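Residue numbers start from 1 in every chain, and the chains themselves are labelled A, B, ... in the order their sequence lines are given, proteins ahead of strands. All values below were derived from every heavy atom in this structure, side-chain atoms included, with hydrogens, water molecules and symmetry-related copies excluded. It should be emphasised that the depicted structure is a prediction, and the values quoted were computed from it without experimental measurement.
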Protein chains: 2
Amino acid sequence: MTHNAAEDPPTEPPPTRREQILAAAAELFARYGFHGVGIDDIGAAVGVSGPALYRHFRSKDAMLGEMLTGISEKLLHGGNARTAGAGTPEHALESLVHWHVEFALTNSALITVHLRDLDSLSEPDRHRVRELQRRYVEVWVRALLDARPGLDEPTARAATHAVLGLINSTPYSARLDTTAMTTLLHRMAMGALDSEPTPRH
Amino acid sequence: MTHNAAEDPPTEPPPTRREQILAAAAELFARYGFHGVGIDDIGAAVGVSGPALYRHFRSKDAMLGEMLTGISEKLLHGGNARTAGAGTPEHALESLVHWHVEFALTNSALITVHLRDLDSLSEPDRHRVRELQRRYVEVWVRALLDARPGLDEPTARAATHAVLGLINSTPYSARLDTTAMTTLLHRMAMGALDSEPTPRH
DNA sequence: AGAGCCAGTTAACGATCATTAACACCCTTG
DNA sequence: CAAGGGTGTTAATGATCGTTAACTGGCTCT
């Protein structure tokens, strides 16, 4: 084990080179799109130039793959954890909203890339990511059906996509300060979900 | 004047070649991204191959430019028309929501490209599009401030982006039939907007 | 001290791709 | 019928860019 400072909890080891590269690449991909960014640009962003990246990644596509499977897994696991620990269905839904809002505000570059460059993935990676996405949406749909009994499933699915779209809009938004933005998005998301009519019996 | 069928109103002349190309290119750009689509792909999609497109457009970037300035102008003019003709502020807001929902459902490919490939534009086109976008958001912000007096402007701006994000999520959504989707999105959008608290006096 | 891996470097290769050149064919218009 | 513009075609050009090759220096471990 390393001679870490004693006060650091074992989480947050110093960011490894791969992580630096992925973070820089995420920012660039978010701004210019996967195909709009060269390997040299990514290298320059971390202070090395060009093909040095191949010491850390098999290919440029592998970077995107790792980036998007990483974010998808984090989203899914976070969503599972939040709903598992919730008491009432209503509280589970609120937890999901809070989780996604927090995540989107903290990782807006990744959100952008995830929405934008999914189709630039290699086929196996794309299927993996889509499967994780599907399961994350499934968590939302189940929570929503629990909290709004009588809502039919296709509508719940469409409503989920809409709420995620609302929350994922943060990258395009001239940002308020983080806490104001958090409460605004939370309130709007819940308002959108509350607006669904109780079905015609 | 052409020998049109007498029953056709003068709107909707047969789609010109440029329009066919732009429509096909929009679909392809939406699916694969601007840089992910070749000039040959676009040609193949309209039944000609490759460089024939240069008889109709100065460059590939010019296609994207025309596509995005076109959609931005349509959005802005539609928004202006809807708010100008509305009686109450509340009705203006509903009109805007209805307009954008209808537009997004009818032109989901253009919405996708607009969100995704804005930064692939040439600089003059990009500025033009951003200016149009800015003005469209301005229409929303003014309508929102009118309908929700006491709301501060930065919050109104952020709320606008969030609602547009909600509505623009349709391309990612497994679609319900159009009328169900329309009412769902309309209701959720209004619910999100209603959720804002009356400011603490 | 020396062997060897880790992480860089620059230069070359090969593919892809937007754009242009050169040429062919209607379809009108005079 | 001749001329010409509008619309295609295929082949060549030139730039960009991901990837690999060949080579170098430092750190660690014995």
Side-chain angles (χ1 to χ4, degrees), chain A residues 1-3 13-68 113 116-117 119-126, chain B residues 1-4 13-29 31-68 113 116-117 119-126:
Chain A
M1 16 213 91
T2 67
H3 53 69
T16 164
R17 208 69 216 267
R18 291 175 66 87
E19 291 169 336
Q20 288 179 39
I21 295 170
L22 281 182
E27 296 292 335
L28 289 171
F29 290 168
R31 220 191 295 286
Y32 304 106
F34 179 70
H35 292 288
V37 174
I39 218 78
D40 290 338
D41 301 323
I42 304 171
V46 296
V48 306
S49 244
L53 304 178
Y54 286 81
R55 300 292 164 193
H56 302 274
F57 294 93
R58 199 161 12 84
S59 69
K60 191 190 171 195
D61 299 77
M63 289 182 216
L64 185 64
E66 193 157 320
M67 193 152 59
L68 293 192
V113 177
R116 180 181 197 163
D117 290 313
D119 299 284
S120 300
L121 284 174
S122 71
E123 205 183 307
D125 279 341
R126 182 169 51 250
Chain B
M1 33 218 74
T2 67
H3 52 69
N4 235 335
T16 165
R17 210 69 216 270
R18 292 175 67 86
E19 291 169 337
Q20 288 180 40
I21 294 170
L22 280 181
E27 296 292 336
L28 289 171
F29 290 168
R31 221 191 296 286
Y32 304 106
F34 179 70
H35 293 288
V37 174
I39 218 75
D40 291 337
D41 302 322
I42 304 172
V46 296
V48 305
S49 244
L53 304 178
Y54 286 82
R55 300 293 168 193
H56 304 274
F57 295 92
R58 196 159 17 82
S59 68
K60 190 190 173 196
D61 300 78
M63 288 183 216
L64 185 64
E66 193 158 321
M67 195 179 319
L68 293 191
V113 177
R116 181 182 195 163
D117 290 313
D119 298 286
S120 300
L121 283 175
S122 70
E123 205 184 307
D125 279 341
R126 181 168 53 248

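- The separation between B/Leu53 atom CG and D/dT10 atom P is 13 Å, rounded to whole Å.
- For D/dG18, the OP1/OP2 oxygens have no side-chain nitrogen or oxygen of A/His35 closer than 4.0 Å.
- Looking at which nucleotide of DNA chain C each of B/Asp61 and B/Arg55 is closest to, the 5′-most match is held by B/Asp61.
- The CG atom of B/Leu28 sits 13 Å away from the P atom of C/dC17 (whole-angstrom rounding).
- At a threshold of 4.0 angstrom between heavy atoms, the contacts of B/Val37 are confined to the sugar-phosphate backbone, with no base atom among them.
- Sequence order on DNA chain C of the closest nucleotides to A/Gly47 and B/Gly50 puts A/Gly47 first from the 5' end.
- Of the candidates C/dT10, D/dG8, C/dA7, the closest approach to any side-chain atom of A/Pro51 belongs to C/dT10.
- Geometric assessment of B/Arg116 against the ring of B/Phe34 yields a negative cation-pi assignment under the 6.0 Å and 45° thresholds.
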request  = Evaluate the side-chain contact (heavy atoms from CB on, under 4.5 Å) criterion for residues A/Asp119 and B/Arg31: first the C-alpha distance (whole Å), next the side-chain angles of each, then the deciding distance (0.1 Å), finally the verdict.
outcome  = CA-CA 7 Å; A/Asp119 299 284; B/Arg31 221 191 296 286; 5.5 Å; no
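- With the nearest nucleotide of DNA chain D identified for both B/Ser49 and A/Phe34, B/Ser49 has the one nearer the 5' end.
- The nearest whole Å value for the distance from the CZ atom in A/Arg18 to the P atom in C/dA7 is 11 Å.
- Atoms CZ (B/Arg58) and P (C/dT19) sit 10 Å apart, rounded to a whole Å.
- Following rounding to the nearest Å, A/Asp40 (CG) and D/dT19 (P) show an atom-to-atom distance of 12 Å.
- Which of D/dG8, C/dT9, D/dG18 sits closest to the side chain of A/Lys60 comes down to D/dG18.
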ask   = Could you go step by step and tell me if B/Thr16 and B/His56 meet the side-chain contact (heavy atoms from CB on, under 4.5 Å) rule?
value = CA-CA 11 Å; B/Thr16 165; B/His56 304 274; over 6 Å; no
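- At whole-Å resolution of the value, CG in A/Asp41 and P in D/dT16 are 12 Å apart.
- With rounding to whole Å, B/Phe57 atom CZ is found 13 Å from C/dT19 atom P.
- Nearest nucleotide to the A/Ala52 side chain, out of D/dT7, C/dT9, D/dT9: C/dT9.
- Side chain of A/Asp41 to main chain of A/Gly38: a donor-acceptor pair is present (N/O by atom type, distance under 3.5 Å, no hydrogens or angles).
- Checked against D/dG8, C/dT20, D/dT19, the side chain of B/Arg17 finds its nearest nucleotide in D/dG8.
- Evaluation of the salt bridge (Lys or Arg N to Asp or Glu O under 4.0 Å) rule for A/Glu27 yields no partner, not counting sequence neighbours.
- Separating the OH atom of A/Tyr54 from the P atom of D/dC17 is a distance of 13 Å, rounded to the nearest angstrom.
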